[in-house]
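Worksheet for the structure shown next.
Bear in mind the structure is a predicted one, so any value in this text is a computation, not a measurement.
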Amino acid sequence: MKVLVLGSTGYVGSAVVRRLTAEGHQVVHFVRDAGRFGPEVPVRVGDLADPASLRAAVTDDIDAVLNLATPTGDEAVDAAAADALTGELQGSGRAFVYASGVWVLGATGEEAADEDAPVNAIPIVGYRPRIEQRVLASTGNDVRAVVVRPGIVYGHGGGIPGLMTGWAREHGAGRYVGSAATCWPMVHVDDLADLFALTLTKAEAGSVLHGVAHPAVPVAALAAAADVAAGGTGRAEPWAVERAAEAVGAPFADALALHQVVSGRRAVTELGWRPGRPHPLTDLTDRTDAAGGDRG
């Protein structure tokens with residue numbers, strides 16, 4: 001397939017591009033600056049805030065569109081982008097895959113929330129459920145629209161666990177926001193890339209899929225593993241939400257304190273997804289002091 005990828009140079013996007021390329025797909029990068037790639041790399045130049053450039057990028061030879069771009073934070077802009085991209089696909093049966101996230105579910109109970117659970121989005125992703133619905137509504141115009149909600153992404157020293165390692169190195173101990181009982185649903189970036197590749201070829205129109213390999217990973221254990229990764233002994237300390245908000249902003253601090261248990265079983269049963277990369281605790285501790293040097 002010839003796949004237009006938005007957000008192709010990001011943490012998740014780079015892994016997805018590697019996966020798609022390995023499977024023989026041709027990736028077309030949607031970028032603001034074509035100069036970052038060599039002349040042999042297919043690109044379409046534009047901006048997420050420019051619907052005309054988005055429409056122009058979805059030419060007839062594009063078989064599918066994968067939107068992994070970071071939302072702009074402006075609902076009107078992101079809604080216009082979704083409409084522009086899906087509008088160019090209507091009547092064709094071509095795939096449009098939109099990356100959302102499990103934070104749209106809000107706090108869950110102890111029973112794993114699946115894709116049929118009601119949304120209760122926290123402020124940092126407050127309008128994203130409406131973008132999801134906008135995307136899914138395009139199925140009525142013969143677009144094979146799919147929404148994927150990744151969990152907290154880790155692997156290769158990146159994602160929020162990578163930030164946690166930096167905090168441990170800076171503060172002398174691992175830190176977690178909120179309660180030690182808080183858990184996060186998580187997925188390795190390479191497993192997530194496998195899932196996005198599967199959605200392009202196998203997911204049915206109107207599907208919502210959770211990209212979650214580990215339904216509930218305790219944040220206190222993650223913080224301890226991050227301390228080991230930073231060269232420490234595995235200490236973990238609570239970080240009050242108010243103090244974390246001063247450092248990272250209140251919306252992100254609230255997200256870090258969010259307790260969720262989320263199932264990714266649907267992707268396994270319907271698409272044959274087989275996540276198998278190391279558990280996040282193993283991944284962190286196997287990357288001990290990846291930035292170099294022991295912490296004194």
>> Has Ser138 got a side-chain atom pairing as donor or acceptor with Arg134's backbone, closer than 3.5 angstrom?
In response: no
> For the side chain of Asp78 and the backbone of Pro71, is there at least one donor-acceptor N/O pair under 3.5 Å apart?
Replying inline: no
> Shortest non-hydrogen contact from Gly151 to Val187?
Replying inline: N-CG1, 4.0 Å
> Which other residues belong to the hydrophobic cluster containing Leu4, where Ile, Leu, Val, Met, Phe, Trp and Tyr are joined when side-chain heavy atoms lie under 4.5 Å apart, directly or via other members?
Replying inline: Leu6, Val28, Phe30, Leu48, Leu54, Val58, Ile62, Val65, Leu85, Leu89, Phe96, Tyr98, Tyr127, Ile131, Val135, Leu136, Val143, Val147, Val208
> Parallel, tilted or perpendicular for Tyr154 and His188, by the 30°/60° rule?
Replying inline: perpendicular
> Quick one: CG on Asn141 to CD on Gln90, what's the gap to the nearest 0.5 Å?
Replying inline: 5.0 Å
> Any ion pair linking Asp190 and Arg19 (charged N to carboxylate O, less than 4.0 Å)?
Replying inline: no
> When clusters are formed by joining ILVMFWY residues with side-chain heavy atoms under 4.5 Å apart, either directly or through shared neighbours, do Leu256 and Val261 land in the same one?
Replying inline: no
>> If you define the side chain from C-beta out and look only at heavy atoms, does anything of Trp167 sit under 4.5 Å from Val248?
In response: yes
>> Looking at every heavy atom in both Gly126 and Pro129, which two are closest together, and how far apart are they?
In response: O-CD, 3.6 Å
> Got a second to check how far Trp184's CH2 is from Trp103's CH2, nearest 0.5 Å?
Replying inline: 8.0 Å
> Any salt bridge between Arg44 and Asp50, counting N to O under 4.0 Å?
Replying inline: no
> Any ion pair linking Lys2 and Asp61 (charged N to carboxylate O, less than 4.0 Å)?
Replying inline: yes
>> Working note: His259 + Glu110, criterion side chain to side chain contact (heavy atoms under 4.5 Å, CB included); need CA distance, chi angles, decisive distance, verdict.
In response: CA-CA 9 Å; His259 175 72; Glu110 297 309 314; 2.8 Å; yes
>> Restricting to salt bridge (charged side-chain N to carboxylate O under 4.0 Å, His left out), what partner residues turn up for Glu132, sequence neighbours left out?
In response: Arg149
> Side-chain donor-acceptor pair under 3.5 Å between Asp114 and Ser263, yes or no?
Replying inline: no
> Would you call Leu195 and Pro150 a side-chain contact if the rule is heavy atoms closer than 4.5 Å?
Replying inline: no
> Do Met164 and Leu284 come within less than 4.5 Å of each other through their side chains, counting heavy atoms only?
Replying inline: no
> Atom CG of Asp142 and atom OG of Ser92: how far apart are they, to the nearest 0.5 Å?
Replying inline: 6.5 Å
>> If you define the side chain from C-beta out and look only at heavy atoms, does anything of Ile160 sit under 4.5 Å from Phe252?
In response: yes
>> side chain to side chain contact (heavy atoms under 4.5 Å, CB included) for Val17 and His29? Distances and angles first, verdict last.
In response: CA-CA 9 Å; Val17 167; His29 302 262; 4.1 Å; yes
> For Phe37 and Val31, what are the C-alpha separation, side-chain angles and deciding distance, and is it a side chain to side chain contact (heavy atoms under 4.5 Å, CB included)?
Replying inline: CA-CA 10 Å; Phe37 293 102; Val31 293; 3.5 Å; yes
> Rounded to the nearest 0.5 Å, what separation is found between the CG atom of Asp227 and the OG1 atom of Thr285?
Replying inline: 12.0 Å
> Just wondering, are more than 12 heavy atoms of other shown residues or ligands nearer than 6.0 Å to CD in Glu111?
Replying inline: no
>> Minimum heavy-atom separation for Ala230 and Ala168, please, with both atom names.
In response: CB-CB, 4.0 Å
>> I need the Arg274 CZ to Asp194 CG distance, nearest 0.5 Å.
In response: 12.0 Å
> Are Leu222 and Leu281 close enough, and set up right, to give a side chain to side chain contact (heavy atoms under 4.5 Å, CB included), and what steps lead you there?
Replying inline: CA-CA 6 Å; Leu222 276 172; Leu281 300 182; 3.8 Å; yes
> Roughly how far apart are Leu198 CG and Glu270 CD, rounded to 0.5 Å?
Replying inline: 12.0 Å
> Mind checking whether Thr201 and Glu23 have side chains closer than 4.5 Å, heavy atoms only?
Replying inline: no
> Is the closest side-chain heavy-atom distance between Val102 and Thr108 below 4.5 Å?
Replying inline: no
> Nearest heavy-atom pair of Ala216 and Pro218: which atoms, and what distance?
Replying inline: O-CD, 3.8 Å
> Under 6.0 Å from the six-membered ring centre of Trp239 and within 45° of its axis: does the NZ or CZ of Arg175 meet both?
Replying inline: yes
> Are Arg266 and Asp116 ion-paired here, with the side-chain N under 4.0 Å from a carboxylate O?
Replying inline: yes
